[in-house]
Amino acid sequence: MKKNTLIIFLIFAIILIFSIIFFTTDNKKVEIGNNDNNQILNMNSYEAKIEVTVVSNKNTNKYKMIQQYKKGEYCIQEVEEPENIRGVRMEYSNNTLSIKNSNLNLTNIYENYKYIAENNLFLNEFIDDFNNNSNSKREENKDEIILTTDCRTQENKYQVKKKLIIDSKTNKPKKLEVQDINQNITVYILYNEISYK
């Protein structure tokens, strides 16, 4: 039992470390064109069911997760798959991170923890980067809106470019890609279901 618990927390630690690797610190505010017709750039909250693929030099990991976000209040992420870490839930609110494993009835709480709010698996992080980066671009075709932001100034070789594809009919995100310095995709997020305000 102790060995299984250790393995589950090690896997979760890898996810958490990945989140910290993609931590961003650029807070410069820049106006990006006319975004009036793109409601997603002004959202205050969302709920989503996502599929995440994380690619590293040695392997590729896939996850199914549920995310909830409310600006200034909380970020929640819960793993649905793979089965061995199902029920692992990260909750961030008021500078407190709690990691819960409902299957093992375990909880870890970290006070004064700020990094999870700047996690590149969350859609609000892309929106902040897009709105605050003078290198952001918007393109449209009849089916999609493509928002791209260049993150080279953050000196993180695993996070050089981000691209969000939005369905132009529903105005809902379809997928998010994060590319490294060699233009390889390091994170791919597919939005299976999403609602936002």
Side-chain angles (χ1 to χ4, degrees), residues 15 17-57 60-72 75 77 115-197:
I15 294 171
I17 289 169
F18 168 77
S19 300
I20 293 170
I21 287 172
F22 288 99
F23 169 73
T24 60
T25 57
D26 189 348
N27 293 320
K28 185 179 171 188
K29 182 71 177 167
V30 178
E31 293 293 325
I32 306 292
N34 181 1
N35 296 322
D36 292 339
N37 62 352
N38 197 350
Q39 302 165 352
I40 198 155
L41 292 175
N42 299 312
M43 74 168 193
N44 291 311
S45 65
Y46 78 92
E47 292 184 20
K49 288 188 176 186
I50 63 173
E51 290 180 38
V52 180
T53 303
V54 179
V55 180
S56 68
N57 290 338
T60 299
N61 295 305
K62 296 187 177 192
Y63 308 92
K64 286 188 179 178
M65 299 180 182
I66 297 172
Q67 289 182 339
Q68 297 174 4
Y69 164 79
K70 188 162 187 184
K71 188 174 187 174
C75 297
Q77 186 165 270
Y115 301 113
I116 195 67
E118 296 169 349
N119 176 335
N120 280 301
L121 299 181
F122 283 96
L123 180 59
N124 60 293
E125 268 308 296
F126 172 85
I127 291 168
D128 288 346
D129 286 344
F130 184 87
N131 286 331
N132 294 325
N133 191 323
S134 61
N135 294 320
S136 296
K137 294 179 184 164
R138 175 189 172 115
E139 301 173 32
E140 287 188 51
N141 59 43
K142 75 175 196 172
D143 297 320
E144 297 175 332
I145 300 166
I146 302 161
L147 305 178
T148 309
T149 187
D150 189 328
C151 306
R152 288 175 211 276
T153 58
Q154 296 171 5
E155 299 179 15
N156 183 338
K157 66 180 182 178
Y158 301 106
Q159 174 189 305
V160 173
K161 186 177 183 181
K162 296 181 188 178
K163 184 190 317 184
L164 181 67
I165 311 295
I166 300 169
D167 184 306
S168 60
K169 293 178 181 124
T170 64
N171 206 30
K172 291 186 177 182
K174 292 166 52 175
K175 62 185 174 182
L176 174 64
E177 298 174 356
V178 179
Q179 295 178 357
D180 68 11
I181 197 164
N182 298 316
Q183 298 182 342
N184 297 317
I185 294 175
T186 55
V187 178
Y188 178 87
I189 299 174
L190 180 64
Y191 294 92
N192 292 329
E193 294 178 30
I194 186 165
S195 61
Y196 64 91
K197 295 180 184 175

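It should be emphasised that the depicted structure is a prediction, and the values quoted were computed from it without experimental measurement.
Taking OG1 of T186 as the reference point, atom CD of Q179 lies at 8.0 Å (rounded to 0.5 Å). Within the model, atoms CG of L164 and CZ of R138 stand 11.0 Å from one another, a figure rounded to the nearest 0.5 Å. The CD atom of E139 lies 12.0 Å from the CD1 atom of I145; values are rounded to the nearest 0.5 Å. Note that the CE atom of M43 and the CG atom of L123 stand 4.0 Å from one another [nearest 0.5 Å]. Note that OG1 of T148 and NZ of K162 are 12.0 Å apart. Values are rounded to the nearest 0.5 Å. Atom-to-atom distance recorded for K197:NZ and N44:CG is 10.0 Å, nearest 0.5 angstrom.
Nearest heavy-atom pair, I40 versus I127, reported as atom, atom and distance to 0.1 Å: O-CD1, 3.2 Å. Taking both residues in full, the closest heavy atoms of Y191 and A48 are given as CD2-CB, 4.3 Å, listed atom of the first, atom of the second, then distance. The two atoms that bring L190 and K174 nearest to each other are CD1-O, 3.5 Å, heavy atoms only. Of all heavy-atom pairs between V55 and I185, the closest is CB-O, 3.6 Å. Annotation for N135 and N133: closest pair N-OD1, 2.7 Å, computed over non-hydrogen atoms. Shortest non-hydrogen contact noted between E144 and N141 is N-OD1, 2.7 Å.
Under a 3.5 Å cut-off, the side chain of Q77 and the backbone N or O of F122 do not form any donor-acceptor pair. Not a single donor-acceptor pair under 3.5 Å links the side chain of N182 to the backbone N or O of N184.
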- Task: Apply side-chain contact (heavy atoms from CB on, under 4.5 Å) to the pair I165 and K163, showing each step before the final yes or no.
- Result: CA-CA 7 Å; I165 311 295; K163 184 190 317 184; 3.6 Å; yes
- Message: Pair T149, D129 - check side chain to side chain donor-acceptor pair (under 3.5 Å), show working.
- Response: CA-CA 7 Å; T149 187; D129 286 344; over 6 Å; no
- Determine, stepwise, if the pair K161 / D150 fulfils side-chain contact (heavy atoms from CB on, under 4.5 Å). CA-CA 5 Å; K161 186 177 183 181; D150 189 328; 5.6 Å; no
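Put simply, the residue from K70, K172, Q68, Q67 that forms a side chain to side chain donor-acceptor pair (under 3.5 Å) with Y46 is Q67.
Checked by atom type, the side-chain pair Y196/N124 shows no donor-acceptor distance below 3.5 Å.
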